[in-house]
Amino acid sequence: MTVSKVYYYERASVFDRALILLLGLACIFLVNMKNNCPPCAQQQLQQPLALQQYAAKPNEGLSSKSSTSSSSSLLKKKKTSGGGSSSSLSSSSGAGEKKFTSSKSVASQPPSGDNLQGKKFIKEGSKWKNKYDIVHIMTTRYMQMQPNLMHLGKARNDLMRVFALPGIVSQSTQEFIWILFTDPELNQELLDEILDMIKPYPNIFLLGMNNGMNNFRTVGWMQNIKKVFSGDMQMLKDYQKASKHRVLLETRLDADDSIFVEMMDSVQKQAADTMGKRAIESQYDPEKLEKEYRIFCTEHHLEWGYFNPWDKKSEKGHLFGVQHSEFCISAGLTYGYQVGTAKEDLPTVSHHRMSVKMPICKKAANNRNCIERTNPKDYKYIMMRSRTPTSAGMLGVIPSKQVVESDTWKHKQDLTWENLIQKNFAIKPQDIWDLRARLKGSMVNILTDALAGQCTKAEFTCKDSTKKDLQTLLDAVKENS
């Protein structure tokens, strides 16, 4: 065979010889490629990874300890490579059970992957972030079932711009989302106004949704959204997903009220020091946690009223401080839910009866299922409520006897305007005074709309006394205009 091959080569033409040499070089090249090609190397690396599928099922194919340990080792390398994180998932001996280990605290670096029960934790890249490992949402109901009351809507937009928005965007932390619920058929002009206000802020959402605003953790909550007018839906989904495995805080705020600039951080820290600590100790496992809730509410708040009972000619309205150690106001009222606790686990109690029906946390058994006052830090007055005829319930719009007879607050007006309003709530006093002038110019139309908007399905307030107050104001304004 060798002689014939040599004979053939010697008898071959120059072209044939060149072709033979090229074929030989090609063979050598292919052999080298087989030994060094990256795809082959990757295929060889992938084989041990495939073995991990059997590590948790030793009776199905591979049961050797060496196979299990090699797949576990490779999984550790995969998690720790790439720098930064020292977290890893490691298999417990023979069971295929995974546990989270980290050089950092759980609160500062939430676990990723699956927890001990196989429930999903927050994955890398989630748009939910919180230094206390808390999920915090704020909710506001706005013009629901009242989509075409233009004068009332414009007034409420103005109040939101002056009162609610500054305090929220000036918070010391922005690790929360603010969800505005409005009528899905909201008038386009009103819609455009509010979208212009909130579009610079990615953590503010405007959702067309008249029903089913409660129970944020449930699948049905998302299904009740009819329209998404503004907001990053992926962020909303990530917050909802995180809420199922973290302590959840839900703060209520009316569109015409304001919160002090450290409100969100203060409540988050209080929740983290109590409910959050227990959640971490139980590794967020609802089966290891008792049903637990916690209500946070303020003890002192300011009220700004459209009318000034001490000076009828005032263009500023009036300020009045309120202390309420015996009850909770709705502004800034925050519900805290432990992992595995639902809204249905809370007793049905109206906010002004909470302190009567629920214990203060310092006196409660095991310091849970109770009311805790929001830490005011150095501010004292941590909420400001506006009292104008745009209010659905008209509560406090007409100054009460307590306000009228308060000589103390009569003489504290200038001092309070100068020292508290901008410091506590990030609101310029002049903006409130200008707002009052605009409301005054449209008061007849606002009151007419407010009267027409009473007793809609979305309004909690539907009282004859409210209608009477509105009608009395309307008659008085018409008479004096």
Nearest 0.5 angstrom please: [X] [atom1] to [Y] [atom2], how far?
X	Y	atom1	atom2	answer
Phe229	Asp192	CZ	CG	10.5 Å
Thr374	Met383	OG1	CE	6.0 Å
Lys440	Ile446	NZ	CD1	13.0 Å
Lys363	Ile371	NZ	CD1	12.0 Å
Lys377	Asn424	NZ	CG	13.0 Å
Ile168	Phe163	CD1	CZ	13.5 Å

*asked:* Can you confirm whether Lys428 is buried at NZ, in the sense that more than 12 heavy atoms of other residues, nucleotides or ligands lie under 6.0 Å from that atom?
replied: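 Atom NZ in Lys428 is not packed in, count stays at 12 or less.
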
Non-hydrogen atoms of [X] and [Y] that approach each other most closely:
X	Y	answer
His245	Tyr284	O-CD2, 3.2 Å
Ser170	Gln174	N-NE2, 4.3 Å
Ser243	Leu248	CB-CD1, 4.0 Å
Asp183	Gln146	OD2-N, 4.1 Å

4.5 Å side-chain heavy-atom contact, [X] and [Y]:
X	Y	answer
Met263	Thr251	yes
Glu290	Arg278	no
Pro184	Asn210	yes
Pro347	Tyr293	yes
Phe320	Arg387	no
Asn308	Lys316	no
Asn224	Asn211	no
Pro399	His318	yes

[X] side chain to [Y] main-chain N or O, any donor-acceptor pair under 3.5 Å?
X	Y	value
Trp304	Asp257	no
Asp232	Pro202	no
Ser266	Glu262	no
Gln268	Glu175	yes
Asn203	Phe176	yes
Gln413	Leu319	yes
Gln422	Pro429	no
Thr334	Gly332	yes
Ser314	Asp311	no
Ser406	Gln402	no

*Give me the one residue out of Val228, Ile179, Thr140, Leu191 that meets side-chain contact (heavy atoms from CB on, under 4.5 Å) with Leu206.*
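That would be Leu191.
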
*Which word best sums up how the rings of Tyr381 and Trp409 line up, parallel for under 30°, tilted for 30 to 60°, or perpendicular for over 60°?*
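Answer is perpendicular, since the angle exceeds 60°.
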
*Determine the interplanar angle of the Phe181 and Trp221 rings, folded into 0 to 90°, and report it as parallel if under 30°, tilted if 30 to 60°, perpendicular if over 60°.*
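It falls in the perpendicular class, over 60°.
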
Quick test of your reading of the model: are [X] and [Y] salt-bridged, counting only N-O distances below 4.0 Å?
X	Y	answer
Asp256	Arg156	no
Glu281	Lys288	no
Lys226	Glu185	no
Asp158	Arg161	yes
Glu189	Lys154	yes

*asked:* Would Arg436 pass as a cation-pi partner of Tyr306, given that its NZ or CZ must be under 6.0 Å from the six-membered ring centre and within 45 degrees of the axis?
replied: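 The answer is yes, since Arg436 meets both limits relative to Tyr306.
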
_NZ or CZ of Lys423 within 45° of Tyr379 ring axis and under 6.0 Å_ =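 Output yes; distance and angle both within limits.
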
*Evaluate the criterion salt bridge (charged side-chain N to carboxylate O under 4.0 Å, His left out) for residue pair Glu372 and Arg294; output intermediate values, then yes/no.*
CA-CA 7 Å; Glu372 183 174 352; Arg294 204 173 190 88; 2.6 Å; yes

*With distance as the sole criterion, is a donor-acceptor pair present between the side chains of Asp265 and Tyr132 under 3.5 Å?*
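Yes, because at least one side-chain N or O of Asp265 sits under 3.5 Å from a partner of the opposite role on Tyr132.
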
*Glu193 and Asn157: side chain donor to acceptor below 3.5 Å*: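 Yes, because at least one side-chain N or O of Glu193 sits under 3.5 Å from a partner of the opposite role on Asn157.
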
_Ring-ring centroid check Trp178 Tyr201, cutoff 6.0 Å_ =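 Judged by ring-centre distance (under 6.0 Å), Trp178 and Tyr201 do not meet the cut-off.
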
*Asp273 and side chain to side chain donor-acceptor pair (under 3.5 Å): which partner among Lys269, Gln270, Lys277?*
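The passing option is Lys269.
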
